Amino acid sequence: SDMGRGLTLLLLPLALLAAPARAEGGTAAAEEVKIEVLHLPETCSPKSKKGDLLNAHYDGFLASDGSKFYCSRTQNEGHPKWFVLGVGQVIKGLDIAMMNMCPGEKRKVTIPPSLAYGQQGYAQGKIPPNATLIFEIELYAVNKGPRSVEAFNQIDKDGDKKLSELEISQYLKEEFARDGKERHPSAHDEILADIFKKNDHDRDGFISAKEYNVYQHDEL
């Protein structure tokens with residue numbers, strides 16, 4: 001289910017090309033992502049926005065010599081990547097490049113170093129310092145993200161605008177039943193404890209709308 005995928009992202013921050021991206025020097029403001037639309041479907045809805053859960057394939061190339069440093073189709077058994085847009089799960093340039101994109105759309109984007117891996121580069125990803133990157137992206141799906149108001153209200157059964165341990169425990173049970181995967185009995189308790197450790201900032205035993213809503217939605 002979409003919510004199940006959302007839950008996975010809620011619990012497990014993706015390490016999807018998410019090395020820290022810091023703007024370098026004072027020239028960053030002048031640099032921007034160049035976007036070339038390769039294919040636009042006839043119906044374009046819904047358009048992606050910050051906080052949405054996206055499903056996409058993309059290839060990454062070094063602009064300097066055209067060599068490929070990343071291909072999502074050769075990873076994770078070729079499954080497209082799921083990630084939340086605009087929250088730093090991918091490099092800043094990709095967060096910018098994939099805004100207002102519709103399912104089925106293909107884009108070729110050029111990202112300057114200041115919006116990618118900067119002066120440090122990213123040795124593990126075979127990206128040298130000060131590298132301009134090119135990505136070819138194909139977007140498959142745009143869903144409401146795991147931190148959306150709808151997701152919060154679905155978990156908040158008593159409508160008191162805060163999530164109790166019981167409410168999240170019940171939600172986990174429903175999600176586990178829905179995806180049908182075999183799990184060790186202790187997995188439920190471990191995940192529940194981890195959610196509260198990472199989200200219950202004031203340690204009052206509840207996850208408030210504000211604590212849950214790290215993606216800056218303003219509807220709550």
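Along the sequence shown, residues carry numbers from 1. This structure is a prediction, so every number in the text was calculated from the model and none was measured.
- In this structure, F196 and I168 have side chains that are in contact, with non-hydrogen atoms separated by less than 4.5 Å.
- Here the side chains of L139 and M98 are in contact, with some heavy-atom distance below 4.5 Å.
- Separating the CG atom in D156 from the NZ atom in K162 is a distance of 10.0 Å, to the nearest 0.5 Å.
- In this structure, K108 NZ and F135 CZ are separated by 13.0 Å, a value rounded to the nearest 0.5 Å.
- A heavy-atom distance below 4.5 Å is found between the side chains of E105 and V37.
- Using modelled atom types, one side-chain atom of R107 and one backbone atom of A97 make a donor-acceptor pair closer than 3.5 Å.
- For D189 (side chain) and A193 (main-chain N/O), no donor-acceptor pair under 3.5 Å exists by modelled atom type.
- Using a 4.5 Å heavy-atom cutoff, the side chains of F206 and L163 are not in contact.
- Note: W82 CH2 to Q89 CD = 12.5 Å, rounded to the nearest 0.5 Å.
- Between Y58 and S72, the closest heavy-atom pair is N-OG, 2.9 Å.
- No donor-acceptor pair closer than 3.5 Å links the side chain of D200 to the backbone N or O of I207.
- Between E174 and K157, at least one side-chain nitrogen of the basic residue sits less than 4.0 Å from a carboxylate oxygen of the acidic one, meeting the salt-bridge criterion.
- Note that the CD1 atom of I91 and the OH atom of Y117 stand 5.0 Å from one another [nearest 0.5 Å].
- N55 places a side-chain N or O within 3.5 Å of a backbone atom of K81 that can act as its donor or acceptor partner.
- When side chains are defined from C-beta on, E165 counts as touching L192, because their heavy atoms get closer than 4.5 Å.
- Between D52 and K49 there is a salt bridge, since at least one side-chain N of the basic residue sits less than 4.0 Å from a carboxylate O of the acidic one.
- When all heavy atoms of G86 and K50 are compared, the pair lying nearest together is O-CE, 3.4 Å.
- Under the 4.5 Å side-chain contact rule for hydrophobic residues, I96 and M99 share a cluster.
- Contact annotation: the side chain of H188 approaches that of S169 to within less than 4.5 Å [non-hydrogen atoms, C-beta and beyond].
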Take C102 and L40 through the test side-chain contact (heavy atoms from CB on, under 4.5 Å) and record every step on the way to the result.
CA-CA 8 Å; C102 45; L40 194 64; 3.7 Å; yes
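- Rounding to the nearest 0.5 angstrom, the gap separating the CG atom in N130 from the OG atom in S114 is 10.0 Å.
- Atoms OG and CG, from S208 and N199 in turn, are 9.5 Å apart once rounded to the nearest 0.5 Å.
- Remark: the S186 side chain and the E190 side chain contain an N/O donor-acceptor pair separated by less than 3.5 Å.
- The closest side-chain heavy-atom distance from P103 to S45 is not below 4.5 Å.
- The pair E36-K34 does not meet the salt-bridge criterion, since no charged nitrogen lies less than 4.0 angstrom from a carboxylate oxygen.
- Listed for the N100 side chain is no donor-acceptor partner under 3.5 Å among the backbone atoms of K47.
- Two different hydrophobic clusters hold I127 and I134 under the rule that ILVMFWY side chains link at heavy-atom gaps under 4.5 Å.
- H57 places a side-chain N or O within donor-acceptor distance of the main-chain N or O of G78, the cut-off being under 3.5 Å.
- With respect to E138 and R73, a salt bridge is recorded, a charged nitrogen being found less than 4.0 Å from a carboxylate O.
- Pairing each heavy atom of T132 with each of P112, the nearest pair is OG1-CA, 4.3 Å.
- If you look at F69 and Y122, their ring centroids are not closer than 6.0 Å.
- The heavy-atom pair separating G93 from I111 by the smallest distance is C-CD1, 3.5 Å.
- F61 and L94 end up in different hydrophobic clusters when Ile, Leu, Val, Met, Phe, Trp and Tyr side chains are linked at under 4.5 Å.
- Side-chain contact between L133 and T110: absent, with no pair of heavy atoms (C-beta onward) separated by less than 4.5 Å.
- In this structure a side-chain-to-backbone donor-acceptor pair under 3.5 Å is present from S48 to M101.
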